[in-house]
Amino acid sequence: MDGLDDTFDHYLGQCRALLDRGVDDTVLCRRLAPDMDEAGFHLAVAMRFAARAVAPMEAPDIPSEYTQAALRTYADDIAGFRAGRTTGDLTGPVHHVAGEAELTQDPQDFLLRFALPNMIFHLSVAYAVARSAGVPLGKADFDGLHVYR
């Protein structure tokens, strides 16, 4: 899975970047819809998928509060957790939990159909909440690749 670790690292960095672009504590406690979790929770879950991609059942727990300070620390914890581990360490069936479902997937299926899409989903929700709260974000802030002048 060449490049997949770089992709998880990249989007972990994009999670951090949202915190630098004005996603503050007042935004982190907002929801996209009344029955959805807070933006801070979604951002933390997105970060956690960077860890789940290398060790599905050992990833650090999500912090109990979703403040800028707590999420910055969590991003650092996730980066430290990933150090020295790669998606290539997943060599056999991956047993994990998705919501309330207990799943077993081969590593490629786990990474490409579960871990990465879920990371992007949760990052997208946090991004959407921030945009709806008036944080001046664009596509470049989401993917870190686009440039607009």
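One-based numbering along the sequence shown. Owing to the predicted nature of the structure, the values given are computational and were not obtained by experimental measurement.
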Listed pairs under 3.5 Å, donor-acceptor, residues 39-66 side chains, sequence neighbours left out:
{"unit_1": "H42", "atom_1": "ND1", "unit_2": "H122", "atom_2": "ND1", "d": "2.9"}
{"unit_1": "R48", "atom_1": "NE", "unit_2": "P60", "atom_2": "O", "d": "2.9"}
{"unit_1": "R48", "atom_1": "NH2", "unit_2": "A59", "atom_2": "O", "d": "3.2"}
{"unit_1": "R52", "atom_1": "NH2", "unit_2": "V97", "atom_2": "O", "d": "2.9"}
{"unit_1": "E58", "atom_1": "OE1", "unit_2": "R85", "atom_2": "NH1", "d": "3.3"}

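Among all heavy-atom pairs drawn from M36 and V125, the shortest one is CE-CG1, 3.8 Å. Smallest separation of non-hydrogen atoms from V23 and A130: CG2-CB, 3.6 Å. The shortest non-hydrogen separation linking S132 to R30 is O-NH2, 4.3 Å. Of all heavy-atom pairs spanning G22 and V135, the tightest one is O-CG2, 3.6 Å. In terms of heavy atoms, D89 sits closest to G84 at OD2-O, 4.3 Å.
Atom CD1 of I120 sits about 13.0 Å away from atom OH of Y127, to the nearest 0.5 Å. Taking CD of E100 as the reference point, atom CD of E102 lies at 10.5 Å (rounded to 0.5 Å). Note that the CG atom of D77 and the CG atom of L71 stand 11.0 Å from one another [nearest 0.5 Å]. Note that CG of L28 and OG1 of T26 are 8.0 Å apart. Values are rounded to the nearest 0.5 Å.
Remark: side-chain polar atoms of Q68 are paired, donor with acceptor, to backbone N or O of L19 under 3.5 angstrom. Between the side chain of D24 and the backbone N or O of V27, at least one donor-acceptor pair lies under 3.5 Å. Remark: side-chain polar atoms of H10 are paired, donor with acceptor, to backbone N or O of D143 under 3.5 angstrom. Proximity of a side-chain donor or acceptor of D141 to a complementary backbone N or O of L18 within less than 3.5 Å is not detected. A side-chain donor-acceptor contact under 3.5 Å links R21 to the backbone of P136.
Using modelled atom types and a 3.5 Å distance limit, the side chains of T87 and D5 yield a donor-acceptor pair.
Of the candidates T7, L116, L90, L111 forms a side-chain contact (heavy atoms from CB on, under 4.5 Å) with just one, namely L90.
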Side chain to side chain contact (heavy atoms under 4.5 Å, CB included), that's the test. Do Y74 and I78 meet it? Break it down for me. CA-CA 6 Å; Y74 190 58; I78 296 296; 3.7 Å; yes
Give the intermediate values and the outcome of side chain to side chain contact (heavy atoms under 4.5 Å, CB included) for residues L123 and F142. CA-CA 8 Å; L123 176 57; F142 179 82; 3.6 Å; yes
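Side-chain contact between L112 and L4 is present, with at least one heavy-atom pair separated by less than 4.5 Å.
Contact check on D106 versus R113 returns no salt bridge, with no Lys/Arg side-chain nitrogen under 4.0 Å from an Asp/Glu carboxylate oxygen.
Under a hydrophobic clustering in which Ile, Leu, Val, Met, Phe, Trp and Tyr are joined whenever their side-chain heavy atoms come within less than 4.5 Å, directly or via other members, F81 and M119 fall into different clusters.
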